[in-house]
Amino acid sequence: MKRIVRTLAAALALAVPLAVIAQTGPIKIVDIVELSGGGATAGTNFDNGVKLAVKEINAAGGILGRKVDLQSLDTQTNPGVAKALSQKAVDDGAYVVMGPVFSGSIIVSMAETKKAEVTNFTGGEAAGITQQGNPYIFRTSFTQSTAMPKLARYIKDTLKAKSVAVIWVNNDFGKGGRDAITKALEAEGIKVVADISTDPGQVDFSSAVLKVKQSNADAAFVYTNEEESARALREFKKQGYDKPIIGETTLTGQKVIELAGDAANGAVAHVGLTVDAPQATVKAFDDKFQKEYKYKSDHNGMKGYSGMYVVKAISEKIGKIDSKAFAKAMHGATILAKNQPGVLLDVSFDESGDLDRESFMIKVVNGKQTVTATLPPMKPIK
């Protein structure tokens with residue numbers, strides 16, 4: 001009997017410190033991103049943004065006085081690997097999961113975080129991500145259904161185009177974008193005269209560009225991943241295409257400009273985030289990112305960085321490290337950059353997990369993104 005009592009006492013003595021550690025130890029954040037494969041450009045930038053934010057947050061005392069323990073895992077741009085890594089993150093006790101960035105991967109992997117009631121941020125833009133009723137998924141970027149109407153209005157009002165040829169990549173990201181832009185263009189009375197599907201990782205865009213030219217459309221809309229976008233722009237230049245080339249964020253990203261060279265000049269895109277935005281918070285991020293990594297970030301780096309500061313802001317708002325409570329507080333949340341500069345721009349989240357904030361129209365001029373217009377949020381942010 002005495003032996004049993006001593007054993008129970010010893011177990012309780014061990015349990016108390018473990019309970020204390022659970023409440024005061026490091027906060028586990030797992031970044032599940034594309035560090036290799038076709039999505040390496042996007043995933044590496046996102047990961048570097050998260051890492052920079054965590055470095056700053058820990059240097060400033062952490063979140064609620066607790067340091068952040070960040071682990072980065074490589075999906076290899078493979079949805080099956082992403083799903084397995086999400087399960088691993090859950091098993092390892094992640095408070096929040098950041099990523100994946102690619103829509104095809106997050107659509108598969110978020111089932112694991114949802115089941116475990118763990119908040120999950122993504123850089124994916126496919127509209128379907130937040131249309132499945134998952135209360136634990138949140139974006140760090142615009143959804144296609146928000147971005148495309150803004151872009152269609154620009155095509156109508158500024159370019160005065162009456163017809164458009166659409167080139168898109170045949171994956172979840174591309175299909176969602178193709179459907180969203182087609183619907184938005186039709187709503188503005190603009191006719192889609194060529195609907196051109198391309199493969200992920202496609203190298204040769206000669207046929208696709210030729211189809212655009214043969215369609216005699218007033219403009220070309222390109223919605224492909226970064227590397228493919230650069231190849232498409234080079235092919236447009238090679239074939240002497242002289243009409244407007246428009247796209248979304250992936251058409252004019254920093255990596256695209258580097259890969260496409262002068263073929264990127266003149267390309268126009270609607271972007272949710274750009275390091276060339278005129279805001280002081282964005283300029284400060286750009287300076288810090290370049291100092292840390294010796295290169296200029298694209299929008300994905302900004303997504304990762306701002307997303308981590310959203311984690312900090314909401315955690316401090318609820319006053320505890322509780323993923324379920326965190327997700328509940330995210331719905332309808334507004335975070336102002338004046339209170340939390342790391343979010344970069346004032347941002348609000350709706351009940352579906354989609355965000356709203358300012359966005360930008362940019363044009364590539366002499367190898368640089370030039371902001372030509374700042375577009376307001378869909379609804380005023382207060």
Side-chain angles (χ1 to χ4, degrees), residues 38 41 103 125-127 144 147-253 255-271 361-365 367 369-370 372:
T41 296
S103 298
E125 297 179 4
Q144 293 161 336
M148 296 308 182
K150 288 187 176 187
L151 192 49
R153 284 196 294 268
Y154 172 86
I155 292 171
K156 177 185 178 182
D157 297 339
T158 303
L159 299 183
K160 309 297 183 184
K162 295 182 179 179
S163 62
V164 173
V166 177
I167 295 179
W168 53 282
V169 59
N170 191 10
N171 58 18
D172 289 302
F173 162 75
K175 290 174 193 173
R178 179 259 180 204
D179 292 346
I181 192 62
T182 299
K183 181 179 179 181
L185 289 171
E186 289 176 350
E188 297 292 348
I190 301 170
K191 189 175 181 181
V192 175
V193 294
D195 185 11
I196 305 162
S197 170
T198 62
D199 295 325
Q202 184 161 315
V203 175
D204 185 359
F205 278 80
S206 57
S207 176
V209 171
L210 181 59
K211 289 177 182 177
V212 172
K213 294 178 69 176
Q214 291 173 337
S215 74
N216 202 33
D218 295 331
F221 176 81
V222 180
Y223 199 70
T224 55
N225 297 320
E226 280 87 350
E227 287 81 358
E228 296 98 295
S229 293
R231 295 169 193 144
L233 288 171
R234 288 199 299 268
E235 187 61 35
F236 274 113
K237 181 177 175 62
K238 180 180 178 181
Q239 294 195 29
Y241 188 78
D242 59 1
K243 294 180 180 179
I245 304 173
I246 313 118
E248 241 288 324
T249 308
T250 54
L251 180 64
T252 57
K255 189 66 175 181
V256 177
I257 294 172
E258 293 171 7
L259 293 173
D262 61 1
N265 289 330
V268 173
H270 169 261
V271 300
M361 291 303 303
I362 67 163
K363 184 175 184 178
V364 180
V365 180
Q369 290 185 356
T370 301
T372 59

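Hydrogens, waters and symmetry mates are skipped; everything else that's a heavy atom, side chains included, is used.
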Note, [X] side chain near [Y] side chain (heavy atom, < 4.5 Å):
X: V256; Y: L251; result: no
X: I155; Y: L185; result: yes
X: E125; Y: E248; result: yes
X: V164; Y: V193; result: no
X: F205; Y: K238; result: no
X: D195; Y: R178; result: yes

Please name the pair of heavy atoms, one in [X] and one in [Y], separated by the smallest distance, quoted to 0.1 Å.
X: P200; Y: E228; answer: CA-OE2, 3.6 Å
X: D199; Y: V169; answer: C-CG2, 4.0 Å
X: Q369; Y: G253; answer: NE2-CA, 3.9 Å
X: D262; Y: K237; answer: OD1-CE, 3.4 Å
X: K213; Y: Q239; answer: NZ-O, 2.7 Å
X: I257; Y: T252; answer: CD1-O, 3.5 Å

Inset, instruction - Just do the side-chain contact (heavy atoms from CB on, under 4.5 Å) check on I167 and F236 with the steps written out, would you? - result: CA-CA 12 Å; I167 295 179; F236 274 113; 3.9 Å; yes
Rounded at 0.5 Å granularity, tell me how far [atom1] in [X] sits from [atom2] in [Y].
X: T198; Y: D204; atom1: OG1; atom2: CG; result: 11.5 Å
X: D157; Y: E188; atom1: CG; atom2: CD; result: 6.5 Å
X: S163; Y: I190; atom1: OG; atom2: CD1; result: 9.0 Å
X: I245; Y: L233; atom1: CD1; atom2: CG; result: 5.5 Å
X: Q202; Y: N170; atom1: CD; atom2: CG; result: 10.0 Å
X: E235; Y: S206; atom1: CD; atom2: OG; result: 5.0 Å

With no hydrogens and no angle check, is any side-chain donor or acceptor of [X] less than 3.5 Å from a backbone partner on [Y]?
X: T250; Y: E226; answer: no
X: D218; Y: K162; answer: yes
X: T372; Y: M361; answer: yes
X: N265; Y: G367; answer: yes
X: R231; Y: L259; answer: no
X: S215; Y: A165; answer: no

Inset, instruction - Mark yes when over 12 heavy atoms from residues, nucleotides or ligands other than K183 sit less than 6.0 Å from its NZ; otherwise mark no. - result: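 Counting neighbours around NZ of K183, 12 or fewer heavy atoms of other residues, nucleotides or ligands fall under 6.0 Å, so no.
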Legend entry - Summary of ring-ring contact (aromatic ring centres under 6.0 Å, His included) pairs that have at least one residue in residues 163-201, sequence neighbours excluded: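 Qualifying pairs: F173-Y223.
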Legend entry - From CA spacing to verdict: side chain to side chain donor-acceptor pair (under 3.5 Å), E227, T41: CA-CA 8 Å; E227 287 81 358; T41 296; 2.7 Å; yes
Inset, instruction - Please report the C-alpha distance between V222 and V166 in whole Å, then the side-chain angles of each, then the deciding distance to 0.1 Å, and finally whether the side-chain contact (heavy atoms from CB on, under 4.5 Å) criterion is met. - result: CA-CA 6 Å; V222 180; V166 177; over 6 Å; no
Inset, instruction - Apply side-chain hydrogen bond (donor to acceptor under 3.5 Å, both in side chains) to K243 and list each qualifying residue two or more places apart in sequence or on a separate chain. - result: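 Partners of K243 by the side-chain hydrogen bond (donor to acceptor under 3.5 Å, both in side chains) criterion, ordered by chain and then number, come out as N216.
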